[in-house]
Amino acid sequence: MKVKAFFDEITNTLTYVVWDDVTKDCVVIDPVLGFNPTTGKVDTAHFQTVRGFIEQEGLRLHWLLETHAHADHISASQLYKEVYPNAKVGISRHITEVQKAFKGVFSFDATFDVTGKQFDHLIADGEMLVAGSMRFQALPTPGHTRACISYLIGDNVFTGDALFMPDYGTGRCDFPGGDARTLYHSISDVLYQLPDETKVWVGHDYQPNGRAMLCESTIGAQKADNIQLSAKTTVEDFVAFRETRDAGLATPRLLYASIQVNIDGGHLPTANSEGKRFLKMPLKTDAWKGEVNASD
């Protein structure tokens with residue numbers, strides 16, 4: 001089995017192609033669609049790069065696997081399906097809880113489905129999935145969101161936003177359904193129970209201190225050196241740290257655009273009669289109201 005990482009510098013996201021070099025069966029983990037919130041334009045450059053690699057290697061794409069409903073980039077899963085119609089989009093079955101939470105945030109009408117049917121397959125906790133010759137297991141690792149999954153393929157685990165490189169730490173836990181205590185147990189009781197030599201492939205790399213991009217570590221290295229949650233970190237210390245840090249973090253630049261597409265299975269908003277598509281943006285008017293009340 002082989003792994004190829006593709007780094008999207010704009011969102012610091014890593015997309016992975018995992019394949020059997022003998023049978024050419026493959027999966028894509030966390031596909032990215034480019035989006036400029038200023039112009040409203042989407043671009044397919046990242047997709048074209050990954051597609052070019054798939055075609056170059058003669059791979060057969062079986063799955064488009066989401067580690068969760070991302071808040072920092074739009075999923076390109078439906079773009080892949082236009083080219084590879086037999087590929088299935090998979091995400092944790094807990095996506096229904098995320099859909100219900102954000103349906104209210106965006107004030108979606110009653111027709112918005114919260115049963116997860118926008119995805120081809122809702123993955124059960126611990127489920128074994130098949131991609132031709134490859135077998136891989138879905139490890140539930142919630143905490144960043146309620147619907148986070150890590151994928152264990154051979155001696156490789158793809159952790160999404162649960163674990164980052166040891167010098168950066170872990171994912172934030174302040175989104176609806178996120179919980180620092182839950183993330184602690186996902187990492188300590190699930191990921192850190194894997195053999196130390198298991199390779200860890202992270203979902204993002206934010207290149208702290210300006211270092212070059214890194215995407216691969218090991219469970220042993222994480223347990224020894226993760227600056228936020230090592231094998232010695234207590235749950236109380238992690239929760240206190242994570243909640244304090246998260247309180248000061250800015251809202252991700254693409255959160256609203258990303259979430260409303262990603263909880264809908266990667267489908268872009270339906271075009272109107274003129275062929276135009278629109279995203280919704282919640283408007284917060286607390287400051288406005290405060291000014292009006294002060295003048296009274």
Side-chain angles (χ1 to χ4, degrees), residues 3-18 28-39 41-51 53 64-77 79-80 91 141 143-145 147-151 156-175 178 180 183 186-187 191 199-218 221-222 225-229 241-242 245-246 248-263 266:
V3 179
K4 175 71 172 178
F6 296 86
F7 187 55
D8 178 59
E9 294 184 358
I10 296 175
T11 62
N12 298 95
T13 302
L14 285 143
T15 295
Y16 295 101
V17 177
V18 187
V28 169
I29 299 175
D30 288 342
V32 172
L33 179 68
F35 174 69
N36 185 325
T38 302
T39 63
K41 291 182 179 180
V42 299
D43 75 76
T44 64
H46 193 268
F47 161 77
Q48 294 293 356
T49 299
V50 178
R51 178 189 179 186
F53 178 80
L64 297 152
L65 298 173
E66 304 285 6
T67 56
H68 61 293
H70 311 275
D72 42 36
H73 71 269
I74 294 176
S75 171
S77 60
L79 182 57
Y80 280 84
I91 199 168
T141 49
H144 172 62
T145 77
C148 286
I149 277 182
S150 294
Y151 295 102
N156 300 268
V157 64
F158 299 82
T159 59
D161 286 21
L163 270 181
F164 296 136
M165 293 300 295
D167 63 349
Y168 196 81
T170 72
R172 62 196 293 173
C173 300
D174 58 330
F175 298 137
L183 181 59
S186 292
I187 294 172
L191 295 176
K199 296 176 184 176
V200 174
W201 302 88
V202 301
H204 295 279
D205 187 47
Y206 297 102
Q207 302 170 276
N209 301 313
R211 65 155 169 76
M213 187 277 287
L214 296 172
C215 61
E216 177 188 354
S217 64
T218 66
Q222 294 281 359
D225 299 325
N226 189 288
I227 63 171
Q228 295 177 5
L229 205 172
F241 166 82
R242 191 71 264 174
R245 180 177 175 82
D246 290 349
L249 293 178
T251 299
R253 186 174 68 103
L254 299 182
L255 182 142
Y256 294 118
S258 298
I259 287 293
Q260 60 191 292
V261 173
N262 294 342
I263 65 173

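Annotation: salt bridge (Lys or Arg N to Asp or Glu O under 4.0 Å) contacts involving residues 4-13, sequence neighbours excluded, are absent.
Just one of Thr170, Asp174, Leu229 meets the side chain to side chain contact (heavy atoms under 4.5 Å, CB included) condition when paired with Arg242; it is Thr170.
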Open item on the list: Does Asn156 form a side-chain contact (heavy atoms from CB on, under 4.5 Å) with Val18? I'd like the steps, not just the answer.
Closed with: CA-CA 10 Å; Asn156 300 268; Val18 187; over 6 Å; no
Task: Phe158/Tyr16 under ring pair (Phe, Tyr, Trp, His ring centres under 6.0 Å): CA gap, chis, key distance, verdict - done: CA-CA 9 Å; Phe158 299 82; Tyr16 295 101; 5.2 Å; yes
Task: Step-by-step side-chain contact (heavy atoms from CB on, under 4.5 Å) determination, His144 to Phe175 - done: CA-CA 7 Å; His144 172 62; Phe175 298 137; 3.4 Å; yes
TODO: Apply side-chain contact (heavy atoms from CB on, under 4.5 Å) to Leu14 and Met213, showing your working.
DONE: CA-CA 10 Å; Leu14 285 143; Met213 187 277 287; 4.0 Å; yes
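Surrounding CG of Leu214 are more than 12 heavy atoms belonging to other residues, nucleotides or ligands, all under 6.0 Å away.
Within the 3.5 Å criterion, the main-chain N or O of Ala180 finds no donor-acceptor partner in the side chain of Asp246. Listed for the Thr159 side chain is a donor-acceptor partner under 3.5 Å among the backbone atoms of Leu163. With Asn262 contributing its side chain and His70 its backbone, the two residues share a donor-acceptor pair below 3.5 Å. Judged by distance alone, the side chain of Thr218 and the main-chain N or O of Ala221 form a donor-acceptor pair under 3.5 Å. Side-chain atoms of Gln228 come within 3.5 Å of backbone atoms of Tyr168 as a donor-acceptor pair (strictly under, hydrogens ignored). When atom types are taken as modelled, the side chain of Asn226 and the backbone of Gly169 share a donor-acceptor pair closer than 3.5 angstrom. Between the Ser258 side chain and the His73 main chain, a donor and an acceptor come within less than 3.5 Å of each other.
Summarising the geometry, atom CG belonging to Leu65 is positioned 12.0 Å from atom OG belonging to Ser150; distances are rounded to the nearest 0.5 Å. In this structure, CZ on Phe53 lies 15.5 Å from CD on Gln48, to the nearest 0.5 angstrom. With rounding to the nearest 0.5 angstrom, the CD atom of Gln222 is 10.5 Å from the CD1 atom of Ile227. Between atom CZ of residue Phe6 and atom OG1 of residue Thr13 there is a gap of 14.5 Å, rounded to the nearest 0.5 Å. Atom OG of residue Ser75 and atom CD1 of residue Ile91 lie 8.0 Å apart, to the nearest 0.5 angstrom.
Looking at residues two or more places apart in sequence or on another chain, you find no salt bridge (charged side-chain N to carboxylate O under 4.0 Å, His left out) involving Arg51.
Residues His204 and Asp72 have side chains that bring a donor and an acceptor to within less than 3.5 angstrom of each other.
Salt bridge Asp205/Arg211: present, at least one basic N to carboxylate O contact under 4.0 Å.
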